Amino acid sequence: MSKKGKVEIDREKCKSCGYCVEHCPQSVLKISENYNDKGYFYAEQVGEECTGCSICAVVCPEAIIEVWRG
Amino acid sequence: MSKKGKVEIDREKCKSCGYCVEHCPQSVLKISENYNDKGYFYAEQVGEECTGCSICAVVCPEAIIEVWRG
Amino acid sequence: MVIKSIFAGFGGQGVLSMGYTLATAAMVDGKHVTYLPTYGAEVRGGTANCTVAIGNEEIASPVASEPEILVVLNQPSVLKFINKMSPGGTLFVNSSLVNKIPEREDIEVIKVPANELAIEINSPRSVNVIMLGALVAKKGLVSPESMRTAIEMFFEKKAKIIPINLEAFQKGYDFIKGEESS
Amino acid sequence: MVIKSIFAGFGGQGVLSMGYTLATAAMVDGKHVTYLPTYGAEVRGGTANCTVAIGNEEIASPVASEPEILVVLNQPSVLKFINKMSPGGTLFVNSSLVNKIPEREDIEVIKVPANELAIEINSPRSVNVIMLGALVAKKGLVSPESMRTAIEMFFEKKAKIIPINLEAFQKGYDFIKGEESS
Amino acid sequence: MKKVYTRPKYLKPVANHYCPGCGHSIVHRLVAEVFEEMDIGERAIGVAPAGCAVLAYNYFDVDFVEGAHGRGCAIATGLKRRIPDAVVFSYQGDGDLAAIGTAETIHAAARGENITIVFVNNGIYGMTGGQMAPTTILGMKATTAPFGRDAKREGYNLDITHLVAEIEGTAYAARGLITSPKEIRKSKKMIADAFQCQLDNRGLSIVELVSPCPTNWGMQPLASVKWIEETFTKHYTPGVLVERRPVSG
Amino acid sequence: MKKVYTRPKYLKPVANHYCPGCGHSIVHRLVAEVFEEMDIGERAIGVAPAGCAVLAYNYFDVDFVEGAHGRGCAIATGLKRRIPDAVVFSYQGDGDLAAIGTAETIHAAARGENITIVFVNNGIYGMTGGQMAPTTILGMKATTAPFGRDAKREGYNLDITHLVAEIEGTAYAARGLITSPKEIRKSKKMIADAFQCQLDNRGLSIVELVSPCPTNWGMQPLASVKWIEETFTKHYTPGVLVERRPVSG
Amino acid sequence: MAEKVLMRGNNAMAEAAVRAGCRYYFGYPITPQNDVPEYLSGRMVEVGGTFIQAESEIASIYMVLGASAAGGRVMTSSSSPGISLKQEGMSFLAGHELPAVIANVVRGGPGLGNIAGSQSDYFQMTRGGGHGDYRMIVLAPGNVQEMADLTYLAFDLADKYRTQSIILADGMMGNTMEPVILPEMRALDSLPDKDYVVDGMRGKRKSRARLSLILEPKELEDHNWKLQRKYKQIQENEVRYEEYELDDAEMVIVAFGTAARVAKGAIRRARAEGLKVGMLRPITLWPFPSDVVRQLADRVKEFLVFELNAGQMIEDVKLSLEGSANVNFYGRPGGSIPTPRDLAKVIINRYSQKFRLI
Amino acid sequence: MAEKVLMRGNNAMAEAAVRAGCRYYFGYPITPQNDVPEYLSGRMVEVGGTFIQAESEIASIYMVLGASAAGGRVMTSSSSPGISLKQEGMSFLAGHELPAVIANVVRGGPGLGNIAGSQSDYFQMTRGGGHGDYRMIVLAPGNVQEMADLTYLAFDLADKYRTQSIILADGMMGNTMEPVILPEMRALDSLPDKDYVVDGMRGKRKSRARLSLILEPKELEDHNWKLQRKYKQIQENEVRYEEYELDDAEMVIVAFGTAARVAKGAIRRARAEGLKVGMLRPITLWPFPSDVVRQLADRVKEFLVFELNAGQMIEDVKLSLEGSANVNFYGRPGGSIPTPRDLAKVIINRYSQKFRLI
Ligand SMILES: Cc1ncc(C[n+]2csc(CCOP(=O)(O)OP(=O)(O)O)c2C)c(N)n1
Ligand SMILES: Cc1ncc(C[n+]2csc(CCOP(=O)(O)OP(=O)(O)O)c2C)c(N)n1
Ligand code: SF4
Ligand code: SF4
Ligand code: SF4
Ligand code: SF4
Ligand code: SF4
Ligand code: SF4
Ligand SMILES: [Mg+2]
Ligand SMILES: [Mg+2]
């Protein structure tokens with residue numbers, strides 16, 4: 001719980017499905033107000049409370065979330 | 001049981017399968033020693049104890065047994 | 001003479017109905033017309049587009065390999081189609097969403113801030129109809145009357161939103177006429 | 001020259017193996033030969049038959065529309081095939097089972113009491129081989145030696161019954177030779 | 001004396017081509033009797049299979065369409081949709097219904113198509129000469145399973161009627177035997193119930209008749225029915241497999 | 001910090017064509033993860049369906065054969081028989097597997113074919129634009145069931161995995177959901193178990209993944225997974241349907 | 001006269017079928033003809049007809065066979081791979097002598113190919129891709145109006161000859177929208193009677209069977225010759241084609257369907273350059289307008305066959321000409337559709353070579 | 001030299017397949033080719049190969065596709081209706097460019113027809129009964145020996161060109177027994193390597209896909225032209241035919257397979273009457289020996305095409321001749337096979353009309 005983590009999202013491949021945002025237990029993800037070249041409003045990490053639990057990666061259809069922990 | 005019956009078999013269509021002979025409760029049917037034009041040894045009624053129970057007709061694949069009773 | 005237009009944008013931007021409505025207007029006008037949408041879902045997630053050909057003679061091919069007119073609602077579509085345009089053609093861009101336009105000196109570019117205009121009339125979903133207004137005002141492919149009839153036909157089953165769409169059409173139309181006269 | 005024979009009888013009478021054995025003998029003799037059985041079970045309960053064509057030139061058609069030789073083991077087959085026979089042909093009948101032979105003056109009829117002969121050698125299932133013996137004795141389509149080889153090949157996997165079949169062949173062969181010399 | 005049994009009127013007075021003791025001919029008779037007893041022969045339309053019963057229309061005295069191998073249920077669907085008040089049945093063998101026709105059978109059931117399937121399971125491809133069928137049981141020989149069916153090599157036998165029974169659109173599924181007088185009578189009852197199901201508009205009905213094929217089993221007729229009762233039925237137990245949406249009242 | 005999750009190596013580093021929130025892309029990832037974890041990617045051969053996953057070979061970094069619509073199990077059979085030590089899987093949609101491919105699926109199971117089926121059930125024909133699938137549930141609309149599926153008109157929905165599970169040659173049949181992290185993890189376990197089954201030579205294994213098709217359901221991605229959990233699963237309950245011939249020891 | 005409506009080719013075809021009295025449709029989705037089942041799934045409910053999305057193309061063609069045997073006007077549609085799957089059924093329909101209308105909205109092949117418009121199923125449709133000696137009437141619409149008109153006609157021809165009528169369109173034709181005047185709605189009781197229908201004896205007649213198994217070769221041969229006589233009759237009566245700018249033509253393009261459409265544009269361009277080019281557009285691909293081609297060769301010696309494939313109809317053109325004129329081919333397989341300008345270049349090029357212009 | 005054995009055509013074909021290195025057979029019973037699966041069900045066990053009786057012809061052709069994609073020498077066989085069902089799969093094999101050997105032991109059609117020998121699937125086999133522009137090598141054996149020899153060859157050709165080789169036989173050819181010398185058993189390790197096979201990366205190479213979906217029309221067009229170039233090559237290299245008594249012939253019979261067999265007998269009869277008749281027997285029906293026919297026409301002006309159908313190969317003969325000689329047709333559809341005498345009558349009749357004998 002007190003573990004520290006972070007995520008990196010390949011924003012150009014994000015399709016804005018919102019799954020990661022919905023399921024992040026720390027609520028550190030949100031859909032950006034900007035869109036990528038394909039026109040999708042991509043997801044981004046906004047808080048520091050990421051624990052590296054990888055739940056976002058488990059639900060991401062695009063397999064574009066890399067998760068660090070330690 | 002004491003009912004009287006008789007059967008008529010279209011011998012030219014009989015294929016000698018033996019089902020009627022096997023199942024006749026009165027054992028009044030047998031396979032003849034003569035064969036028909038197709039070369040089959042046909043079934044025929046040999047005894048008088050037929051009760052007209054129609055069991056032979058129920059098993060005959062060729063539907064060639066007519067049964068009388070009364 | 002046959003004039004070919006391509007309409008392109010994201011799937012949800014009403015690109016196909018733009019083309020369909022224009023084609024209907026052309027039919028009402030008694031012109032020869034074909035309308036060819038992209039079909040088949042075999043590849044998803046791209047841009048949607050459709051082609052309208054309008055003319056006073058039989059239309060040979062409904063395909064526009066070198067369209068005279070291109071109407072684009074988003075950025076990727078500009079990049080995808082601009083090079084196909086025939087020299088002397090007219091490019092209509094929704095300038096609210098498109099900022100990069102590759103240079104081509106042989107075409108005319110008409111910028112329509114369609115999202116802003118849509119918000120002005122309180123109908124953010126009418127971006128496409130606004131673009132149509134601009135197109136008709138500029139190129140006169142069909143008469144404005146036929147266009148209005150086509151809009152009424154298109155929204156036949158949702159009669160309530162006919163007025164706002166007619167308004168959107170007028171908004172786009174007036175935007176160009178205003179620019180022209182200014 | 002090509003000679004065509006049809007063999008016919010009930011399914012269980014070994015009609016097909018008659019033809020097959022004869023064809024094998026012809027092959028052993030180095031002749032051109034085809035063997036065509038009835039195939040396909042689409043119609044059941046009829047008679048079985050097969051055709052053998054033997055010659056010293058390529059065989060054009062394995063079908064015998066007008067066979068020179070007909071070998072029949074049962075009554076229905078006589079009626080079915082006799083009219084197809086080519087004038088001057090030879091009909092071999094198993095006279096143990098066939099009593100009605102329609103009249104045809106242009107063919108020769110050879111009656112072989114094959115069932116009786118088979119019983120004589122204590123091998124009631126050898127009716128077909130007996131008929132083959134008669135056929136070879138009468139028509140010499142293949143040499144008796146090749147026929148014996150063919151019989152040995154046919155029963156390769158049931159070596160035990162080779163002798164009795166060779167005996168049956170000889171029985172039929174001798175029956176004709178005996179008739180001829182008598 | 002009174003005539004108490006005679007050839008049913010919906011069987012033409014002709015000889016058939018089936019082998020001695022073949023189950024098909026008994027099933028034909030049963031269906032024809034049911035048609036007469038239920039008085040539905042005048043509006044019956046059958047679909048003949050590719051299989052030993054391919055010439056069924058030469059024997060049944062009702063309307064028929066000849067089907068392609070496996071497509072009986074699809075053809076029956078077309079017929080029934082066009083003429084809803086006809087009594088439409090598809091007559092099929094185990095190869096026809098359970099191999100090439102699997103999809104058509106399963107989906108007719110899923111649609112709850114209001115037709116009746118008369119399914120003759122003899123565990124073999126009769127017409128083409130004794131090749132393995134989906135229903136050929138383990139250990140049984142066939143011309144394409146010369147060493148006997150082995151699960152590893154030829155796969156398991158399939159109980160298609162069970163699968164059909166599992167599907168919601170199936171109103172009635174039953175399996176009868178064509179062996180003894182008793183079983184034959186039960187089978188006939190099942191056939192009648194299946195057609196009744198169609199008359200009541202309840203959805204798909206199927207009756208599997210486990211039948212002898214003496215020829216391709218290489219047995220005498222009497223031995224073949226005995227083999228059914230002793231061995232074959234271990235894989236294909238007779239009885240009503242399912243009865244859904246019974247008519248109320 | 002240590003990287004604890006990254007894109008699996010058997011997924012090519014390219015964008016896919018699937019719609020936002022599509023279940024296919026999640027299933028792809030799960031399979032690729034399983035390949036990596038079980039170390040079988042180097043000998044994996046997939047069969048791509050006609051369906052939204054038709055371009056699967058553009059995303060998976062393993063060998064692939066493109067199949068015709070519905071014939072995945074037949075093609076996989078040919079592959080597996082030729083290369084028994086390959087890990088062969090057929091990736092199929094519900095239209096592909098349960099409509100046109102019904103016979104191929106059922107009979108691969110009957111043969112106990114030692115292949116794995118990854119079956120994505122989204123209750124609709126995704127690729128062709130939202131037509132009714134065999135799995136479309138009653139009441140659900142589709143472009144060819146514009147008034148909603150009605151049993152009388154369009155027939156019942158079919159639980160093909162249940163049918164496959166009933167067949168003796170099926171060693172493993174399970175149904176997982178592509179909805180929440182929890183269900184997705186369970187689904188991944190099922191996929192791994194299915195491939196293990198193939199490694200152990202136990203016969204056919206199938207995993208049905210109940211997946212969202214936001215586009216053709218006309219829902220947002222999050223609404224679509226919610227609809228699965230609340231409505232769709234009433235017809236397709238997750239769990240292991242059958243597990244036969246478990247490896248001993 | 002009825003009003004013009006803007007309709008997609010596929011939908012115009014579907015609606016025309018309903019108006020021709022078709023009340024039974026059995027199909028299976030496949031791009032680029034999905035509009036047909038989608039449209040009819042709703043429309044058949046409105047008119048009290050039957051729509052079934054079958055489990056496969058194979059099941060659909062046999063449902064067609066069943067409904068046709070029972071007397072209905074019936075249709076199925078598909079695209080190339082799906083049509084290949086129907087070949088057995090189509091051979092059965094021919095053997096059973098049952099009418100049906102089948103639309104093939106062709107896509108690029110072979111195999112899964114693509115979903116663009118193509119004409120590479122010409123052989124399959126005109127030579128019978130199924131087994132046995134049979135032919136089907138193959139109608140090739142040249143625009144959306146003809147998608148409707150020829151479909152309407154197809155049902156009458158099918159009934160008249162107890163044969164299959166094929167609508168051979170392509171992905172582009174099926175998905176293009178154009179203004180179209182729909183044919184009138186036929187009253188079902190105005191449809192021709194059929195005396196061969198299997199609909200239950202009803203105590204009125206003997207039992208009947210519709211079949212194609214004829215075990216005796218001689219009888220099957222007779223059946224085949226009977227079919228051939230029927231095909232002969234169709235060849236004599238049902239040839240349809242369009243002549244375009246042929247009067248003074250020195251070079252004739254032969255093209256059908258979408259290719260003919262493109263060719264018209266190309267010919268206008270070529271004529272604008274002063275080239276005397278015209279076109280013969282076969283509307284019936286089978287029966288092929290062989291006599292017309294042959295007669296044209298009396299005065300025109302230069303033919304260019306243009307197809308959206310690698311060269312199939314060219315065989316029929318050559319068979320018609322029997323060496324009496326020069327034939328070239330220009331083709332684009334795989335769903336590529338050249339522009340009228342591209343084709344005009346080809347035409348001008350060939351023309352100049354031949355007639356030494358420039 | 002190997003010994004002669006008396007073998008049925010179907011079995012000779014099956015055994016030759018095994019000897020050519022075929023270890024995968026997928027089929028489904030249908031008369032008149034049941035011997036093939038029956039024979040191979042046992043034989044494949046002996047040689048450690050795979051025999052599967054599939055659930056249908058469709059499943060079999062796709063099992064073939066799978067095993068071929070994985071590099072095996074693979075075969076299926078069927079007869080007319082079953083071959084119709086395989087048309088989609090055959091188009092896929094063509095699109096995927098995968099080798100396979102497919103035997104069609106033709107029966108009478110259309111529909112269920114009968115089980116007699118026929119040649120009415122000529123169009124289906126030579127024009128591609130499936131969708132798209134593709135061709136297959138079609139080998140037509142003239143006797144049982146050729147059933148074996150051409151099957152053996154078929155596997156090599158299939159591998160060489162990555163194409164389907166068809167053995168086009170008929171019910172009679174398949175069921176006739178003749179003495180035959182079987183080709184030698186090929187060692188599996190002597191078979192050609194294949195570099196396109198999908199058999200798992202094995203850490204050695206990048207992933208591979210075998211496919212036919214090419215969404216971009218231009219790319220699918222290129223793929224098609226590539227196929228066409230291959231077909232061209234086959235046409236240049238693989239034409240096979242037999243000339244029979246042609247040297248002094250004034251009339252040429254063109255016939256293949258069983259028809260050619262009957263024709264030889266008829267020609268012998270005709271020659272006995274002093275008529276100068278010969279035969280060209282195409283062994284490859286595709287590629288058709290067009291050049292040979294065309295060259296023959298330089299000196300012979302009278303052709304008679306004889307087929308066991310209502311007239312199909314005649315189109316290829318006419319296409320070859322381009323009007324340069326007179327062509328007549330004699331055909332018997334539906335499984336009827338005329339005797340050499342019947343055919344001789346036809347020949348003599350035509351010959352006398354033409355050359356004013358008598
Ligand atoms: C498409 C097609 N494939 C194969 C056949 C050959 N065929 C005819 S009947 C049959 C199988 C018959 O077996 P079954 O259905 O069990 O019927 P039975 O003869 O045993 O009653 C087969 C394979 C065919 N006619 N059509
Ligand atoms: C023989 C054939 N018929 C039809 C099609 C068209 N087709 C392609 S995918 C598909 C259905 C796809 O649905 P599903 O299998 O459920 O996959 P999804 O797209 O939903 O993942 C159809 C009908 C085809 N390609 N081939
Ligand atoms: S790793 Fe866990 S906490 Fe961090 S963003 Fe992802 S879901 Fe949220
Ligand atoms: S789950 Fe993946 S695709 Fe969806 S919003 Fe998050 S990062 Fe984007
Ligand atoms: S009716 Fe009964 S008693 Fe009489 S013969 Fe038949 S079975 Fe025997
Ligand atoms: S049951 Fe019928 S066919 Fe069999 S022996 Fe008796 S009478 Fe003959
Ligand atoms: S082969 Fe079998 S099923 Fe066919 S008729 Fe003979 S016994 Fe009956
Ligand atoms: S249509 Fe449905 S299944 Fe296909 S990619 Fe889109 S969401 Fe996925
Ligand atoms: Mg059977
Ligand atoms: Mg789906």
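Letters A, B, ... mirror the listed sequences (proteins, then strands); counts begin at 1. Heavy-atom basis, side chains included; hydrogens, waters and symmetry copies ignored. Keep in mind that what you see is a predicted model, and the values were worked out from it rather than measured.
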Chemist: Picking from L85(G), N104(G), L321(G), which has the most non-hydrogen pairs under 4.5 angstrom with chain H?
Modeler: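 Result: the option with the highest number of such pairs is L85(G).
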Chemist: Flag the one option from G108(G), G335(G), G130(G), G117(G) with the top tally of heavy-atom pairs under 4.5 Å to chain H.
Modeler: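 Highest number of heavy-atom pairs under 4.5 Å: G130(G).
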Chemist: Treating H131(H) as the side-chain partner and P110(G) as the backbone partner, does any N or O pair qualify as donor plus acceptor under 3.5 Å?
Modeler: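 Checking the backbone N and O of P110(G) against the side chain of H131(H), no donor-acceptor pair under 3.5 Å is found.
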Chemist: Does R162(G), at its CZ atom, have more than 12 non-hydrogen atoms belonging to other residues, nucleotides or ligands within less than 6.0 Å?
Modeler: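 Enclosed.
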Chemist: Sort out for me which of K318(H), Q124(H), Q87(H) touches chain G most, counting heavy-atom pairs under 4.5 Å.
Modeler: Q124(H)
Chemist: With respect to chain H, which residue among K86(G), R332(G), M90(G), Q228(G) yields the maximal number of heavy-atom pairs within a distance under 4.5 Å?
Modeler: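 Highest number of heavy-atom pairs under 4.5 Å: R332(G).
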Chemist: Can you name the nearest heavy-atom pair linking G111(H) to S91(G), along with the distance?
Modeler: N-OG, 2.9 Å
Chemist: Identify which of E315(G), E219(G), Q312(G) forms the greatest number of heavy-atom pairs closer than 4.5 Å to chain H.
Modeler: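 Most pairs with chain H among the choices: E315(G).
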Chemist: Closest approach of R135(G) and F123(H), non-hydrogen atoms and distance?
Modeler: NH2-CE1, 3.6 Å
Chemist: Can you confirm whether more than 12 heavy atoms, excluding those of K218(G), are under 6.0 Å from its NZ atom?
Modeler: yes
Chemist: Where on S336(H) is there a heavy atom nearer than 4.5 Å to chain G: the side chain, the backbone, both, or neither?
Modeler: both
Chemist: Checking A310(H) against chain G: side chain, backbone, both or neither under 4.5 Å from a heavy atom?
Modeler: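 Both backbone and side chain.
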Chemist: Could you grab the distance from atom CG of L112(G) to atom NE2 of H96(H), nearest 0.5 Å is fine?
Modeler: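 Here the interatomic distance stands at 8.0 Å.
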Chemist: Distance check, rounded to the nearest 0.5 Å: S118(H) atom OG versus N224(G) atom CG?
Modeler: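 That separation rounds to 7.5 Å.
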Chemist: Could you tell me whether a side-chain N or O of D133(H) sits under 3.5 Å from a main-chain N or O of Q119(G), the two making a donor and an acceptor?
Modeler: no
Chemist: Kindly say whether E322(G) contributes a backbone atom to a donor-acceptor pair with the side chain of E322(H) at under 3.5 angstrom?
Modeler: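 The answer is no, because no donor-acceptor pair under 3.5 Å joins these two groups.
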Chemist: Side chain, backbone, both or neither: which part of L227(H) has an atom under 4.5 Å from a heavy atom of chain G?
Modeler: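 Only the side chain of L227(H) comes within 4.5 Å of chain G.
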Chemist: Taking salt bridge (Lys or Arg N to Asp or Glu O under 4.0 Å) as the definition, give me every residue that meets it alongside E55(H), ordered by chain and number, with sequence neighbours left out.
Modeler: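 In terms of salt bridge (Lys or Arg N to Asp or Glu O under 4.0 Å), with neighbours along the sequence ignored, E55(H) is linked to R111(F).
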Chemist: Going by distance alone, is a donor N or O of one side chain under 3.5 Å from an acceptor N or O of the other, for E216(H) and N114(G)?
Modeler: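 No, N114(G) and E216(H) have no side-chain donor paired with an acceptor closer than 3.5 Å.
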Chemist: Heavy-atom pairs under 4.5 Å with chain G are the metric here; pick the option from A116(H), G129(H), P81(H) that has the most.
Modeler: P81(H)
Chemist: Please report the shortest heavy-atom distance between P333(G) and W225(H), naming the atom on each side.
Modeler: CD-CZ2, 3.2 Å
Chemist: Based on non-hydrogen pairs under 4.5 Å, which of G109(G), S212(G), G95(G) is most in contact with chain H?
Modeler: S212(G)
Chemist: Check whether I58(H) gets within reach of chain G through its side chain, its backbone, both or neither, counting any heavy atom under 4.5 Å.
Modeler: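 Just the side chain, heavy atoms under 4.5 Å.
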Chemist: So what's closer than 4.5 Å to chain H heavy atoms on L319(G): side chain, backbone, both or neither?
Modeler: both
Chemist: I need the residue from G89(G), G113(G), G323(G) with the largest number of non-hydrogen atom pairs under 4.5 Å to chain H.
Modeler: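 Among the listed options, the one with the most contacts to chain H is G113(G).
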Chemist: Who pairs with R294(H) by salt bridge (Lys or Arg N to Asp or Glu O under 4.0 Å), at least two apart in sequence or on another chain?
Modeler: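 With neighbours one apart ignored, the set is empty.
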